[in-house]
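All values below come from the heavy atoms of this structure, side chains included, with hydrogens, waters and symmetry mates left out.
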Amino acid sequence: MACFLLARGALVALAVALAGCGVARGASAPASTGSPPARAAAGVPAPLLVAAGDIACHPGQPRTVASCHQAATAALAGRLHPTAVAVLGDTQYDRGQLTEYLGSFAHSWGHLKARIHPATGNHEYATPGAAGYYSYFGAAAGPRGRGYYSYELGAWHVVVLNSNCSVVSCAATSAQVRWLRADLAAHPRRCTLAYWHHPRFSSGFHGNDTSVAPLWSALYAGGADVVLDGHDHDYERFAPQSPAGRRDLVRGIREFIVGTGGEDQRPFLLPKANSERRSSGTFGVLALTLRPTGYSWRFVPEPGRTFRDAGAGACH
């Protein structure tokens with residue numbers, strides 16, 4: 001895939017000059033944390049979804065200050081005792097081969113496998129048909145070769161999509177988007193969350209991806225509330241937005257980019273409109289508490305790092 005074969009030197013040098021490698025300049029203060037942890041019903045904790053993408057280095061690649069922290073993020077995710085885990089693509093570098101999964105991802109995030117609901121990234125398709133990904137995750141990855149499916153988590157409907165649009169089309173008339181519209185119509189929940197790999201809006205190294213715009217449009221029409229992505233190796237939170245990228249506090253979808261699973265870090269380029277909070281120098285995971293009428297979030301960094309983000313939102 002061309003997106004991970006790009007030479008980084010010139011772009012990174014520009015990005016460092018523009019934004020630095022820590023919390024980007026101009027990032028807003030953390031949102032209010034809102035009320036104490038919500039409960040789905042009396043005495044029943046609301047489900048906790050832990051999410052991250054861009055995770056495991058190639059087996060044998062050594063940990064450095066800015067790369068290969070998959071063991072640390074895996075331990076962090078486990079300590080949160082999640083109900084479910086969303087891995088947001090590029091789960092195993094460099095080619096997503098089964099031997100790579102068994103040699104790296106399985107030794108870090110593997111203890112969470114029974115709770116993982118995966119999405120496929122571009123590195124998985126460096127192996128034809130993402131064969132290593134489907135072999136490792138099995139039925140949890142949905143129908144082999146398709147890469148999109150849905151599940152229920154407490155009161156929430158959760159949709160997993162395939163943003164490798166040159167392999168599995170994301171066009172408005174594609175089988176994937178037709179399935180998405182039908183799935184949303186068949187599950188008319190008050191609260192809906194979706195995730196895939198390539199972000200529709202991003203201030204990061206790769207930036208906005210227009211190829212996934214039909215996914216966002218279908219979700220917006222279906223009343224979805226939250227989208228999670230990876231691909232850019234940073235953390236970024238956006239205000240709720242329309243398909244055109246306009247701030248929309250009534251029906252807009254809030255996007256989180258959580259490409260902080262451990263593989264490496266990259267700086268931001270120019271901040272995009274409606275970007276509210278971001279960091280390009282911290283590995284960690286996003287913890288989402290999903291209550292029946294809304295959600296709260298916490299970005300939880302690996303030990304020794306100070307960046308935090310937290311807040312709450314209501315479903316449409």
Side-chain angles (χ1 to χ4, degrees), residues 3-4 21 48-59 61-80 82 84-96 100-113 115-124 126 130 132-133 136-137 140-141 160 163 195-199 202 204-206 227-237 255-268 278-288 297-305 307-309:
C3 51
F4 64 83
C21 293
L48 179 68
L49 178 67
V50 166
D54 306 277
I55 295 172
C57 284
H58 185 275
Q61 187 173 338
R63 171 174 165 148
T64 70
V65 170
S67 66
C68 303
H69 286 227
Q70 64 268 15
T73 57
L76 175 62
R79 288 194 294 272
L80 293 172
V85 176
V87 291
L88 308 176
D90 284 4
T91 46
Q92 179 59 65
Y93 288 77
D94 290 314
R95 301 181 62 81
E100 293 175 327
Y101 272 102
L102 297 176
S104 184
F105 187 89
H107 293 295
S108 52
W109 285 66
H111 71 283
L112 297 164
K113 186 177 180 182
R115 285 172 277 176
I116 289 176
H117 301 271
T120 182
N122 51 285
H123 276 267
E124 284 85 342
Y133 166 86
Y136 181 75
F137 287 113
V160 184
S163 61
Y195 57 91
W196 60 82
H197 185 59
H198 301 80
S202 173
F205 184 83
H206 294 291
V227 162
L228 312 177
D229 301 300
H231 197 48
D232 276 322
H233 296 191
D234 54 49
Y235 173 80
E236 186 168 19
R237 166 173 55 85
E255 182 188 42
F256 296 87
I257 299 167
V258 198
T260 53
E263 201 275 337
D264 72 3
Q265 299 170 338
R266 298 174 192 166
F268 289 101
R278 53 194 179 270
S279 172
S280 61
T282 305
F283 293 114
V285 301
L286 181 67
L288 287 161
W297 72 84
R298 290 186 298 141
F299 178 81
V300 186
E302 66 176 334
R305 307 299 293 181
F307 175 81
R308 301 285 193 284
D309 185 36

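- The aromatic rings of W297 and F256 lie perpendicular to each other, with more than 60° between the two planes, well past the 30° mark.
- At least one side-chain heavy atom of E100 sits less than 4.5 Å from a side-chain heavy atom of R95.
- Taking both residues in full, the closest heavy atoms of L80 and V300 are given as CD1-CG2, 4.3 Å, listed atom of the first, atom of the second, then distance.
- For A84 against H117, the heavy-atom pair with the smallest separation is CB-CD2, 3.9 Å.
- For the residue pair H233 and D264, a side-chain donor N or O sits within less than 3.5 Å of a side-chain acceptor on the partner.
- Counting heavy atoms from C-beta outward, S202 and D229 have side chains that stay 4.5 Å or more apart.
- Formation of a donor-acceptor pair under 3.5 Å by the H197 side chain with backbone atoms of L88 is found in this model.
- Note that the CG atom of D234 and the CZ atom of F205 stand 11.0 Å from one another [nearest 0.5 Å].
- Taking NE2 of H58 as the reference point, atom CD of Q92 lies at 8.0 Å (rounded to 0.5 Å).
- Closest heavy-atom contact between Q70 and S108: CG-OG, 3.6 Å.
- One distance of note links CD of E124 with CG of D90; it measures 5.5 Å at 0.5 Å rounding.
- With hydrogens and angles ignored, the 3.5 Å screen pairs no side-chain donor or acceptor of Y195 with any backbone N or O of A51.
- Checked by atom type and distance alone, the side chain of D54 never pairs as donor or acceptor with a backbone atom of G261 at under 3.5 Å.
- Contact detail for P301 and T282: the closest heavy-atom pair is CB-CG2, 3.5 Å.
- Looking at T91 and Y136, their side chains never come closer than 4.5 Å, going by heavy atoms from C-beta outward.
- Side-chain contact of T73 with E302: a donor-acceptor pair under 3.5 Å is absent, judged by distance alone.
- A donor and an acceptor atom, one from each side chain of S104 and Y93, are nowhere located under 3.5 Å apart.
- Considering H231, E236, R278 in turn, E236 is the only one that fulfils the side-chain contact (heavy atoms from CB on, under 4.5 Å) rule with I257.
- Checked by atom type and distance alone, the side chain of T260 pairs as donor or acceptor with a backbone atom of G284 at under 3.5 Å.
- Y133 and Y101 have tilted rings, their planes meeting at an angle from 30° to 60° on a 0 to 90° scale.
- You'll find the ring centres of F137 and F105 inside the 6.0 Å limit.
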Take L112 and V50 through the test side chain to side chain contact (heavy atoms under 4.5 Å, CB included) and record every step on the way to the result. CA-CA 11 Å; L112 297 164; V50 166; over 6 Å; no
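- A donor-acceptor pair under 3.5 Å is absent between the side-chain atoms of R298 and the main chain of A287, judged by distance alone.
- Judged by distance alone, the side chain of Q265 and the main-chain N or O of S67 form no donor-acceptor pair under 3.5 Å.
- H107 contributes a side-chain N or O that, together with a main-chain N or O of L102, makes up a donor-acceptor pair within less than 3.5 Å.
- Atoms CZ and NE2, from R63 and H69 in turn, are 4.0 Å apart once rounded to the nearest 0.5 Å.
- One distance of note links SG of C68 with CZ of F283; it measures 8.0 Å at 0.5 Å rounding.
- In this structure, CH2 on W196 lies 8.0 Å from OG on S163, to the nearest 0.5 angstrom.
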